[in-house]
Amino acid sequence: MDRAKLVRALAIAFGLIVAAVFPNRASAQTSPTTTVSTPGAWSYTVPVGVYFVSVRAAGAGGGGGGADGGGIGGAGGAGAEITIRLRVTPGQVLSGTIGGGGRSGFTGGTDLGGAVICSGAGIASSFGGGGSGANANCANGGYSGGGGAGGGGTSVALAGTIVAQAGGGGGGSGAGWNHNGVNGVAAAASVTQTSACANLGTGAAGVSLALDGGAAGGGGGGFPGGSAGAGSNDDGGQTGSTAATGGGTARGGGAGGSCANTTAAILSAVASGTGGAGAAGEVNPSGTSSGVVGGNGSITITLLPSVIVAKTSTGGTGTFNFTGTNGFANQAVTTSVAGTPVAGSPQLLTSPASATTLTETAATGFILSGITCTGLGSGGTATVNLTTRSVTLSAAAISPGAAVTCTFTNAIAPTITKVSTVVWDPTNGITNPKAIPGAQIRYCIVVSSNSGGAVLTAPTVSDPLPSTVTFVPGSLFVNGTASGTVCNTGAVTYSGHPTNGTGTGASGTTGGSFSAGTVTATLSTIASGARATVYFDVIVN
């Protein structure tokens, strides 16, 4: 018998569904994107089934400087924007502070803090640590502009530990007589990797000259915060547009830094753009505040699709290996208790909304009996092919926010045995017969679905005979029983010539066929833990 062909035939018979399409089984999904733009504390609880998120953090922009006669205040610097990808667990809390935009300085009157001063400073937002601008001292008269406040930094914490922050922009300096103020420094589009993220990023205070110059802008808020800008004196008697001729020049506030913590939870961290915009400097020294504020920071959380491969093995345990596309890394899942599913670690795919195929490597001693997938994105499908041991998830199935779990179920493979017994020869009869020419040999094939194995639905046995034997017509019996590996054939009577006989107590029924040198028989369905036999006789040529 060609056992390999028999195994393949059984496998085909066993694979009831070669290809099927399972629709999305998820009834509802969490919104894949959440944006928070109100300055202050924020928090977000990771939804059930989510293991990876992208967090875009934007720092706030600095305020502009106040104006002076013939001089425009410096513009505030823009905040930075960084994007990190985090490994999370359902129920974990993300939190932090969203930076507020720095307020612009102005000329004359009362500052935003209520103090009567020649030129008012921009007051920093109470969120994100931006530094306040500086007032201009106009004891001798004049209208030098106040410095703009720095923008607040925006932070991201995972389980209470800061893992990333985006710096705020520096405030613009106030203008001097016939001399424009200096712009605040924009937060750099870079990310510093550090284990002490909470200690990095204080914006530097702006510097002012003690001439007819504007006040300095405040430092941009990194974390814990920017420094306040230095004030300037306005002597009211000097003219000109440069320091040499009496025109004062102040320096804008420095920007806050951006960083990402060196933690295993962070998969990547990149500078991704510009955060809150800096406010324009004041143009007209009207004596009243322009009320302009730098752009606030923000947080945007996007759920990333994940895939989990789970394994259930019935009738035995083992280690099962998986490969995949779209960034799915090779993975091994080991079962320890038959019938109890084991989930592998969640995997982040490279591209959302891109078709992905998961494949199981053939496992010795097991047959793949089914693949089911849950948590698909809206309208997504999972196409199963048991022959190739794979499932293909459609692009919609792994849309942002989808949390897909595909369970591969394996059953212990059936056992197939074949035993030959010489039952008669023309010299010795039934007493110690030998496989000599003219001898009659009985072949017994036992097909067993091992305990815990899957049901074998109408498996077909196919056994090509060698040319050295001749099939005995009428000797083929199917669906019999066996004692161990020996078919229960009952008593057989031989009347002086080879015959299979009918005897008494024969197990099984006649059936099957012999054609073109091959014995073929289809068995009835074999339940888990049960077995059935095929037996027939041949004559040695």
Side-chain angles (χ1 to χ4, degrees), residues 1-14 365 412-451 453 456 458-527 529-541:
M1 177 189 71
D2 186 338
R3 187 176 184 278
K5 290 184 178 179
L6 177 57
V7 171
R8 287 195 294 271
L10 287 172
I12 293 172
F14 178 66
I412 196 165
T415 299
I416 306 166
T417 61
K418 181 181 179 182
V419 176
S420 62
T421 304
V422 180
V423 296
W424 180 90
D425 76 43
T427 300
N428 302 295
I430 62 173
T431 303
N432 297 320
K434 305 295 188 296
I436 61 177
Q440 187 164 341
I441 298 177
R442 177 149 296 168
Y443 285 123
C444 168
I445 300 172
V446 180
V447 180
S448 302
S449 175
N450 296 304
S451 179
L456 303 180
T460 297
V461 174
S462 181
D463 186 12
L465 299 183
S467 60
T468 55
V469 299
T470 299
F471 176 72
V472 177
S475 68
L476 181 56
F477 283 76
V478 299
N479 293 315
T481 60
S483 298
T485 59
V486 178
C487 294
N488 295 324
T489 60
V492 178
T493 301
Y494 301 92
S495 302
H497 64 276
T499 177
N500 68 304
T502 55
T504 59
S507 177
T509 59
T510 57
S513 64
F514 175 75
S515 176
T518 298
V519 173
T520 303
T522 299
L523 297 171
S524 299
T525 296
I526 303 175
R531 57 186 176 176
T533 67
V534 175
Y535 63 92
F536 56 91
D537 291 355
V538 298
I539 300 298
V540 179
N541 295 334

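None of the values given here were measured: they were computed from a predicted structure.
Residues P426 and I436 have side chains in contact (heavy-atom distance under 4.5 Å, counting atoms from C-beta outward). Here the side chains of T427 and K434 are not in contact, with every heavy-atom distance at 4.5 Å or above. Using a 4.5 Å heavy-atom cutoff, the side chains of F536 and L465 are in contact.
Shown here for I445 and K418, the closest heavy-atom pair between the two residues is CG1-CG, 3.9 Å. The nearest pair of heavy atoms linking G512 to V478 is N-CG1, 4.5 Å. Between L456 and P414 the shortest heavy-atom distance is CD1-CB, 3.7 Å. Here the closest non-hydrogen pair linking W424 and G438 is CZ3-O, 3.5 Å. Minimum heavy-atom separation, F471 to G474: CE2-N, 4.5 Å. The heavy-atom pair separating V446 from T485 by the smallest distance is CG2-O, 4.1 Å.
Separating the CD1 atom in I539 from the OG1 atom in T468 is a distance of 12.0 Å, to the nearest 0.5 Å. If you take CG on L476 and OG1 on T509, they are separated by 9.0 Å, rounding to the nearest 0.5 Å. Taken to the nearest 0.5 Å, the CD atom of Q440 stands 7.5 Å off from the OG atom of S475. Residue R531 holds its CZ atom at 10.5 Å from CG of N450, rounded to the nearest 0.5 Å. We find the CD1-CG distance between I430 and N428 to be 11.0 Å, quoted to the nearest 0.5 Å. The distance from atom CG of N541 to atom OG1 of T470, rounded to the nearest 0.5 Å, is 3.5 Å.
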Which side-chain N or O atoms in residues 513-521 pair as donor and acceptor under 3.5 Å with protein atoms at least two apart or in another chain?
none

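T510 is linked by a side chain to side chain contact (heavy atoms under 4.5 Å, CB included) to F477, counting only residues two or more places apart in sequence or in another chain.
Applying side-chain contact (heavy atoms from CB on, under 4.5 Å) to V447 and the options V534, T417, T533, L523 leaves one that passes, L523.
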